[in-house]
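All heavy atoms count here, side chains included; hydrogens, waters and symmetry mates do not. Letters A, B, ... are given to chains in the order of the sequence lines, protein chains preceding strands, and every chain is numbered from 1.
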Amino acid sequence: DAGVIQSPRHEVTEMGQEVTLRCKPISGHNSLFWYRQTMMRGLELLIYFNNNVPIDDSGMPEDRFSAKMPNASFSTLKIQPSEPRDSAVYFCASSIRTGHTDTQYFGPGTRLTVL
Amino acid sequence: AQTVTQSQPEMSVQEAETVTLSCTYDTSESDYYLFWYKQPPSRQMILVIRQEAYKQQNATENRFSVNFQKAAKSFSLKISDSQLGDAAMYFCAYRSATRSEKLVFGKGTKLTVNP
């Protein structure tokens, strides 16, 4: 089975440019998560969706960040305009509840560098 | 808010020996899940083991086992018969069973395996 797919794997852009990160969750999973990993703050949740509906976006840094999930098999995280402090690894993860528990499966991440 | 603390930034172990990584957490909830994730240099986040708080029995997965002490809010990971491929960053994570599905991560422990 294919795991969580993210694209691009690497992105280098200049400050002020728009950046779009993409994610395809595991087929059949109904929750999707966006995390960010930096040296300073570690791994932190940005936003998550359940059945394509945003549930918790308290981790979204500011209005420059936006996320959408138009259908069960695709999500985007957009940064506009990008800033050097947005440089990080962005992970997408998905899960499905089975019984009493669920497990989040992570994609390979997108390493974003903003110059 | 829940917090997860990993007090050992780095650990090392000889190949074939046993090592224990520490994790403590703070929560007022009684029902939750705990996880250990492994992140090798490829940066892929890989689930190692999962523990449900309502279960008294400690989880095991082959060479990996946990010591879950609910009253002490402690969740350590033991790796037996360490292998070179175990070298990675290890992250402890907490997830509420009743509120947000987000994972709250510790800062991680870098494990080195010496041949």
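Checked against A/Tyr35 for a side chain to side chain contact (heavy atoms under 4.5 Å, CB included), the options A/Ile47, A/Val89, A/Leu45 give a single hit: A/Leu45.
With a 4.5 Å cut-off on non-hydrogen atoms, A/Met40 touches chain B through its backbone but not through its side chain. In this structure, chain B has no heavy atom under 4.5 Å from any part of A/Ile55. For chain A, the nearby parts of B/Leu103 are the backbone and the side chain; heavy atoms of each come within less than 4.5 Å. In this structure, the portions of B/Lys102 lying under 4.5 Å from any heavy atom of chain A include both its backbone and its side chain.
Applying the ring-ring contact (aromatic ring centres under 6.0 Å, His included) test to B/Phe91 and every residue at least two apart in sequence or in another chain returns nothing.
Ring geometry for B/Phe68 against B/Tyr25 counts as parallel: the plane angle stays under 30°, on a 0 to 90° scale with 60° as the upper cut.
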Donor-acceptor list for residues 34-42 of chain B side chains, cut-off 3.5 Å, not counting sequence neighbours:
from, atom 1, to, atom 2, distance (Å)
B/Trp36, NE1, B/Phe75, O, 3.4
B/Tyr37, OH, A/Gln104, O, 2.7
B/Lys38, NZ, B/Gly85, O, 2.8
B/Gln39, OE1, A/Gln37, NE2, 3.0
B/Gln39, NE2, A/Gln37, OE1, 3.0
B/Gln39, NE2, B/Arg43, O, 3.0

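When each of A/Gly42, A/Gly107, A/Ser58 is checked for heavy-atom pairs under 4.5 Å with chain B, A/Gly107 comes out on top.
With a 6.0 Å radius and a threshold of 12 heavy atoms from other residues, nucleotides or ligands, A/Glu14 has its CD atom at or below the threshold.
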